[in-house]
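This report refers to the structure that appears directly beneath it.
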Number of protein chains: 4
Amino acid sequence: MTMDFMKDKPIYQQLVDLICGDIIRGSLKPGDRLPSVREYAVEAGVNANTMQRVYKELEQMDITETKRGQGTFVTENRERLAELREETMLGLVESFIHNMESLGFTQREMIEVLQSKERGE
Amino acid sequence: MTMDFMKDKPIYQQLVDLICGDIIRGSLKPGDRLPSVREYAVEAGVNANTMQRVYKELEQMDITETKRGQGTFVTENRERLAELREETMLGLVESFIHNMESLGFTQREMIEVLQSKERGE
Amino acid sequence: MTMDFMKDKPIYQQLVDLICGDIIRGSLKPGDRLPSVREYAVEAGVNANTMQRVYKELEQMDITETKRGQGTFVTENRERLAELREETMLGLVESFIHNMESLGFTQREMIEVLQSKERGE
Amino acid sequence: MTMDFMKDKPIYQQLVDLICGDIIRGSLKPGDRLPSVREYAVEAGVNANTMQRVYKELEQMDITETKRGQGTFVTENRERLAELREETMLGLVESFIHNMESLGFTQREMIEVLQSKERGE
DNA sequence: GTGGTCTAGACCACT
DNA sequence: GTGGTCTAGACCACG
């Protein structure tokens, strides 16, 4: 499964976001082992170094842990994961609000747009 | 007034976005004259080339018009402006929904968060 | 000036430590521009990518700032620098104490050794 | 008792250091028998190969001796142990001084910090 | 086999 | 010219 990447964001970032999403959403659970750097690199159709960087980034965010020679695992620190979910969501919401406000929309209007999207689209 | 820029987005983009926002929001109205490239460059604390590119970009989006020797003006084509407002807004909303969904949130939840933000904080 | 590196610690780490030291010691001051990645790479006799990584690390520590196309600068946030100095020093001291204690030395003895080093050696 | 290891130092090294500490401190005395490789491996939650290497390392440092079929014992050569204690301590002290000096601290300041730690905290 | 470091060289966007 | 990304491939220490 080679992936398709947006061209305006670095590949490694997109992969970080993807894996974060998997963890937050719960399709990757605490303690789960991630594929090896090389496996994942092949699977995603990127260079091993790029994947390496992804893993490093994840570890710096404290959402994975590395056990030498054994692999990379989703942290068992559930607090951290809850925190991650919360801060990621808040970040999205706030930047959404900020951007919409700078276009002159009120929060009431934002809610209305979302509601219309929910029903119809 | 040197500005502070996000480091992950090109400066010229941020300036484009900023001016677009001003126009959409109405603090810049159809027919209004924008500062000269050089003035604005100084004001924003930016290289003149960068500002040049901003103006070029705005013109390509058909939201400004350049009159030789007189300066750059917000287009009087109100349809285009309405359109811009709409497409910008829809882009924001859709990417917001997309990102939130990839975190496992439903549209219902998104609305709730926005509502809580509206009341509280 | 090609440098000599310890072999048990990654080169990029040693360079990070070196530059941190320069900043903490004050031989690099807030606002100072660091050499370009490529210049420094040549000077230190390492690959440009390695140097790149060093700069990235420094930026993540919030002790340098990058201005696109202009270069990398020591942060002007003096608080952060003072904090860095303090936390680095405390880290050293605490790990020193910890290691010495695990050899059965008391803090009194540590001080005595240091005092003897100060006078004679 | 699975142990927690620093991630920047090899596990086997940390175990060597730990046991050295026990010996230097005297909680393991000359002539004492160490657990078998397998026992210790289980106890520490470590691969048996890793533990094997630890024991090999200790023997190469001349601070343990292996008697075939009987096990591994702390050497009875007390001179060697005293020497070990001394060289370990000097190593720590010198690298401490070196690191602190490269941060711009004088030996006088180091002593003061240690003294404050002794009284306070 | 695992993660990690380093090199060498290409290419890109931004200023 | 600046920082940044990506590839390709080698090599290492660890478990």
Side-chain angles (χ1 to χ4, degrees), chain A residues 5-15 33-41 44-59 64-73, chain B residues 5-15 41 44-54 57, chain C residues 5-15 33-42 44-59 64-73, chain D residues 5 7-15 41 44-54 57:
Chain A
F5 297 103
M6 319 262 121
K7 68 183 171 195
D8 55 323
K9 218 199 263 184
I11 293 181
Y12 78 85
Q13 251 307 341
Q14 299 182 50
L15 286 166
R33 183 179 180 282
L34 297 173
S36 86
V37 169
R38 291 164 175 93
E39 274 173 8
Y40 210 150
V46 295
N47 184 284
N49 288 326
T50 303
M51 209 60 224
Q52 178 81 6
R53 176 158 187 188
V54 172
Y55 276 34
K56 198 198 175 191
E57 212 89 357
L58 291 171
E59 194 168 3
T64 61
E65 281 165 11
T66 278
K67 295 179 190 163
R68 315 140 169 284
Q70 301 185 41
T72 300
F73 301 80
Chain B
F5 297 103
M6 314 274 148
K7 64 184 171 209
D8 53 326
K9 218 199 263 184
I11 291 181
Y12 81 91
Q13 255 306 343
Q14 298 182 50
L15 286 166
V46 167
N47 187 305
N49 292 329
T50 304
M51 210 59 222
Q52 182 75 340
R53 175 158 185 185
V54 171
E57 210 88 0
Chain C
F5 296 104
M6 318 263 118
K7 69 183 172 193
D8 54 325
K9 220 199 260 183
I11 292 181
Y12 77 86
Q13 252 308 341
Q14 300 181 47
L15 286 166
R33 184 177 179 281
L34 296 173
S36 87
V37 169
R38 291 164 175 92
E39 275 173 7
Y40 210 151
V42 172
V46 295
N47 184 283
N49 288 326
T50 303
M51 208 61 223
Q52 179 81 8
R53 178 160 185 186
V54 171
Y55 276 33
K56 199 197 174 193
E57 212 87 0
L58 290 170
E59 194 167 5
T64 60
E65 280 164 11
T66 277
K67 294 178 191 165
R68 315 141 168 284
Q70 302 185 39
T72 300
F73 301 80
Chain D
F5 297 103
K7 65 184 172 211
D8 53 324
K9 216 198 263 184
I11 293 182
Y12 81 90
Q13 254 305 344
Q14 299 183 49
L15 286 166
V46 167
N47 188 302
N49 293 330
T50 304
M51 210 59 224
Q52 183 74 341
R53 175 159 187 186
V54 171
E57 209 89 357

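Residue numbers start from 1 in every chain, and the chains themselves are labelled A, B, ... in the order their sequence lines are given, proteins ahead of strands.
- Atom-to-atom, CG of B:D8 to C1' of E:dC12 comes out at 17 Å; the value is rounded to the nearest Å.
- The heavy-atom pair separating A:R68 from D:Q14 by the smallest distance is NH2-NE2, 4.3 Å.
- Atom CD in B:E57 sits roughly 13 Å away from atom C1' in E:dC14 (whole-Å rounding).
- Listed pair A:S36 / E:dT2 meets the phosphate criterion, a side-chain N or O lying under 4.0 Å from OP1 or OP2.
- The minimum heavy-atom distance linking B:V46 with B:M51 is given by the pair CG1-N, 4.4 Å.
- If you take CZ on A:R53 and CG on A:N47, they are separated by 12.5 Å, rounding to the nearest 0.5 Å.
- Taking CD of D:Q13 as the reference point, atom CD1 of D:I11 lies at 12.0 Å (rounded to 0.5 Å).
- A stem is defined here as three or more consecutive Watson-Crick or G-U pairs, each with both distances under 3.5 Å; for DNA chain E these stems are E:1-14 with F:1-14.
- As rounded to whole Å, 13 Å separates atom P of E:dT15 from atom NZ of C:K67.
- The heavy-atom pair separating C:S36 from C:R33 by the smallest distance is N-NH1, 4.3 Å.
- Regarding contacts with the backbone of E:dT2, every side-chain N or O of A:T72 stays at 4.0 angstrom or more from both OP1 and OP2.
- Minimum interatomic distance between B:A48 and B:A41 (heavy atoms only, all atoms of both residues): CA-CB, 3.9 Å.
- Nearest-nucleotide positions on DNA chain E for C:A48 and A:R33 put A:R33 closer to the 5' end.
- For the pair A:F73 CZ and E:dT2 P, the interatomic distance rounds to 11 Å; values are reported in whole Å.
- For the pair B:M6 CE and E:dA13 P, the computed distance is 22 Å after rounding to whole Å.
- What you find for B:K7 and C:E59 is that their closest heavy atoms are CD-OE2, 4.0 Å.
- When all heavy atoms of A:Y55 and A:P35 are compared, the closest pair comes out as OH-O, 2.5 Å.
- Between A:M51 atom CE and F:dA8 atom P there is a gap of 16 Å when expressed in whole angstrom units.
- The side chain of C:Q52 contributes no N or O atom lying less than 4.0 Å from OP1 or OP2 of F:dG3.
- You'll find the side chain of B:L15 reaches within 4.5 Å of the side chain of B:F5, heavy atoms only.
- Rounded to whole angstrom, the span from the CG atom of B:L15 across to the P atom of E:dC14 amounts to 13 Å.
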Does the protein touch nucleotides 10-15 of chain F at the base, only the backbone, or not at all? Give it as B, S and - per nucleotide, heavy atoms under 4.0 Å.
-B--SS
